[in-house]
Number of protein chains: 2
Amino acid sequence: MSDRGDILQTTRAFPAKEVERWDAQHDVVIVGHGGAGAAAAIEAARAGADVVVLERMSGGGGTTALSTGVCYFGGGTPIQKACGFEDSVPAMLDFVRLAAGRGCDEARIRLFCEGSVEHFDWFRRLGVEFKESYTDEKTTHPFTDDCLHFSGNELVHPFVEHAKPAPRGHKPARPGEAGAYLMQILVRATEEAGAKTLYDCRARRLVQTESGRVAGVVATRDGKTIFIQARRGVVLCAGGFIMNEGMLAKHAPMLLRCNYKAGSAGDDGAGILMGMGSGADVINMSEGLVLNAYYPPGSHAKGVIVNAQGQRFVNEDAYIGRASDAMLYKADGKAWLIVDNEIYGKTQVPHRLAAVEDNFADLEKALALPAGELVHTVDFYNRHAARGEDPLFQKAKPYLRPLSTPPYAALDCTTEGSIYGALTLGGLATTATGHVLDAQNKIVAGLFAAGRNAAGLCREGRTYASGLSIADATFFGRIAGRAAAAASS
Amino acid sequence: MSDRGDILQTTRAFPAKEVERWDAQHDVVIVGHGGAGAAAAIEAARAGADVVVLERMSGGGGTTALSTGVCYFGGGTPIQKACGFEDSVPAMLDFVRLAAGRGCDEARIRLFCEGSVEHFDWFRRLGVEFKESYTDEKTTHPFTDDCLHFSGNELVHPFVEHAKPAPRGHKPARPGEAGAYLMQILVRATEEAGAKTLYDCRARRLVQTESGRVAGVVATRDGKTIFIQARRGVVLCAGGFIMNEGMLAKHAPMLLRCNYKAGSAGDDGAGILMGMGSGADVINMSEGLVLNAYYPPGSHAKGVIVNAQGQRFVNEDAYIGRASDAMLYKADGKAWLIVDNEIYGKTQVPHRLAAVEDNFADLEKALALPAGELVHTVDFYNRHAARGEDPLFQKAKPYLRPLSTPPYAALDCTTEGSIYGALTLGGLATTATGHVLDAQNKIVAGLFAAGRNAAGLCREGRTYASGLSIADATFFGRIAGRAAAAASS
């Protein structure tokens, strides 16, 4: 072990020829023990590689452990079948292609959809329990131990016109948030597969040969700097950068307006910076998922969301990420959800009541909206909703009814007055098989990435569905782990 | 000279120790002979450095030569004074801070505003002629040889409430587009200052020492690969990346929807990639300036711009870049400018007439907008415009009058049916003095950048003003040139 603190002043790759001796030697070194890192470790170890996982925290889990645990599976999973839903790979492909958004990668989408049932089985074989139950509540995740639900824009304009809908959000059979449960199993499976884990160990730089091959990692542990050789490959699974305000300012300044960072302390971009330090390209860095939890209750989708002009600007039955994105980007963070007494319910993430009045004229006055505009908006909406129509935004029929039972309330969905969660969707450029790419789209030999450390399956919050991050991280984490184990040493 | 074609397969910096011999040696090597490169070359040469400018085209000019030539000067220029306008550094600071947008750099803004009058004088001393004349036409640039005009959002909500307006767009005294004239002078001045120019010479990679210092450039010329040493520094002034579809897809996918790339063939990101190859950080990569030229004629700002819902979404008197940005991002590229017969005029960049009707009910039908919404929008607008008010978007009084003289026309401003120009506003991270930064905000020794090769003064198209790119490129090009000349060898 060495204690040369000066070498930690940069994240540029450390020259291999300057490594005096390796403190440890493995085939595959995985950085980060969240969903992606665990999946990579399990598969690499099962493929026969000598694997170590470096985790800066005192235990595995990462951001996945803080999540709802919802995972996006489809194409005909046993749960879908048991609950009476038909799904197919082509139908899932149609939807995931839309959900992945601008700049998405067709090869990645194909692998993901074609392998989804197998990936579900892999989860089950690890011991993750799923209940054969479906809930039709419009929600971000079932609060019970129920499993299957529509977790994205499957039923929503303009997705529903282009892809046969099926519920694909699968929550493990635990009430409330199930991410910690899911990660307990993945962490245990990491150890059972024979991968070593090194906790309280912070990866700082990659080690790179003169020919450009990544050969290991410089890390710190117990105040010491250590050099860990990766004979076959390094897999970066260290999360996104929502906790790094400097990186947000440089790459995604709009996300700075979000007041709740949906991540763990580890999502500070360290893995992305390490990758960049070896010559890797970073892409899609401005994009993120924005979340203003105006539902559940699902009845809130029967309300209307208006901007500072009193205009509607999104179909309110859209997935929360889509509607929240519109609130931030289209309405500049000035938005209110208007509900009547019948559909009003308390949101899980409490929203301030900006105003409650007996009629819309008073309500628009209380909100200081331009006189007459909210009145017009609701009048137009009500007239068409009574006929089951939404000519402006094609909200689906189940959510169309006139707002007609006073009092009327405005829930504060402004960036100043409500909670905007955010996570990042940009990161290292990779192939579908997890190889990291440089700016010429050439592979950085010996380097792999998965999870939010990479720009993955989903490139836009405005098309996203719940469960896609965990599914992406674990699915492509597995592939990256196998690719690293198979790399020539 | 060497002809090792294999070394051109990457833009990663070439190891200095592998350079067998330098084909040429200079103090300062400047890549690109547009506005930024010429300014850098003039100042570096005047400071006594031995300077060479490498330009891939057969002559200098770059993208600046293709532009209107408008340059943003203020704080009390001789032209402003001669035309009777008061301006001050504090007033300019107030405005430029807003115009620079999110993530802008206060140090850069201060230098720019405090040095603006001197920079104007520098232009004049080079021989650039400006007429002491002002035009109050709302335009992107005077089509005559007139000089001074309001070229941004100075008079526009929400800028006008926060900064005392002054016209700061200065066009050189040539009719039409004056960029070529401007660049003729800057190119001539480059030579007069004693800088060498090497045309038809394409810079491909930086040369970097093991300690990280940039020491030169690998270039190609006449089919040969040449190594050019930079004893003091390399200044990258090779433009943006609007011509590189791969980079747009990775970093700014929305700009792919723009069907006119506002740049020269050189704006393919080559200089940005070279910088990245030396470990430099790239920032603000998703941002660009979007231009749908719905004015001039300035009378068009008296119309209303509506989206696919028939709603207004921007003040129509906004600078073209601001309104166009809203058309693309807020209206998803579905927008129409509605005018009446009195204010209709032909736009310089012709717009298709999507519909012409005698009343708004027929017009909304012809545009397939939701029945009643355009009628409501115009009714609301007209009622308030008659009183000189715009409660929705605070359009300024000179542009407020009811649309009341039939027939009424809708100009097609959709991404499918009209021209959306675009240029990029992301690039290498730099200090205000032009030093290129890595991801840890540390200086890459020996490397400088200016113009669109860097993320410069302006970070957002939605806050931009005409003339800021040329002003930024030349102002900070000068500073970078001096910094490179002063760097220790």
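Keep in mind that this is a model prediction, so the values were computed, not measured. Residue numbers begin at 1 in each chain, while the letters A, B, ... track the order of the sequences.
- For chain A, the nearby part of Phe393(B) is the side chain; its heavy atoms alone come within less than 4.5 Å.
- Salt bridge absent: Asp332(B) and Arg462(A) never bring a charged side-chain N and a carboxylate O closer than 4.0 Å.
- Contacts between Tyr329(B) and chain A at a heavy-atom distance below 4.5 Å involve the backbone alone (N, CA, C, O).
- The part of Ala371(A) that comes within reach of chain B is its backbone (N, CA, C, O), which places non-hydrogen atoms under 4.5 angstrom from that chain.
- Interface summary for chain A: among Met254(B), Glu287(B), Gln309(B), the most heavy-atom pairs under 4.5 angstrom belong to Gln309(B).
- A salt bridge between Asp390(A) and Arg383(A) is absent, with no side-chain N of the basic residue lying under 4.0 Å from a carboxylate O of the acidic one.
- When each of Leu369(A), Ile283(A), Val282(A) is scored by its heavy-atom pairs under 4.5 Å with chain B, the top score falls to Ile283(A).
- Heavy-atom minimum distance, Ala13(A) versus Arg205(A): O-NH2, 3.5 Å.
- By the side chain to side chain donor-acceptor pair (under 3.5 Å) test, Gln208(B) pairs with no residue at all, sequence neighbours left out.
- Contacts between residues 271-281 of chain A and chain B, defined by a heavy-atom separation under 4.5 Å, are made by Leu273(A), Met276(A), Ser278(A), Gly279(A), Asp281(A).
- Classified by interplanar angle (parallel below 30°, tilted 30° to 60°, perpendicular above 60°), the ring pair His376(A)/His376(B) is parallel.
- Ion pairing between Glu210(A) and Lys17(B) holds under the 4.0 Å rule for side-chain N and carboxylate O.
- Chain A forms the most heavy-atom pairs under 4.5 Å with one residue out of Asp438(B), Leu256(B), Asn441(B), and that residue is Asn441(B).
- Within the 4.5 Å cutoff, no side-chain heavy atoms of Glu460(B) are placed close to those of Tyr464(B).
- Looking at every heavy atom in both residues, Phe241(A) comes nearest to Gly426(A) through CE2-O, 3.8 Å.
- Among the residues in residues 98-108 of chain B, those with a non-hydrogen atom closer than 4.5 angstrom to a non-hydrogen atom of chain A are Arg102(B).
- For the set Glu373(B), Lys442(B), Arg12(B), the entry with the most heavy-atom pairs within less than 4.5 Å of chain A is Glu373(B).
- The minimum heavy-atom distance linking Phe313(A) with Ile305(A) is given by the pair CZ-CG2, 3.6 Å.
- Of the listed residues (Asn307(A), Thr10(A), Asn284(A)), the greatest number of heavy-atom pairs within a distance under 4.5 Å of chain B belongs to Thr10(A).
- By number of non-hydrogen pairs under 4.5 angstrom with chain A, the leading residue of His251(B), Gln311(B), Arg459(B) is Gln311(B).
- The backbone N or O of Lys395(A) sits nowhere less than 3.5 Å from a side-chain atom of Asn315(A) that would complete a donor-acceptor pair.
- Qualifying side chain to side chain donor-acceptor pair (under 3.5 Å) partners for Asn382(A), counting only residues two or more places apart in sequence or in other chains: none.
- Heavy-atom neighbours of Gln440(B) CD from other residues, nucleotides or ligands within 6.0 Å: above the threshold of 12.
- One N or O on the side chain of Asn453(A) and one on the backbone of Ala238(A) form a donor-acceptor pair closer than 3.5 Å.
- The closest donor-acceptor contact from the side chain of Thr377(B) to the backbone of Gly310(B) lies under 3.5 Å.
- For chain A, the option among Pro370(B), Pro15(B), Ser286(B) with the highest count of heavy-atom pairs below 4.5 Å is Pro370(B).
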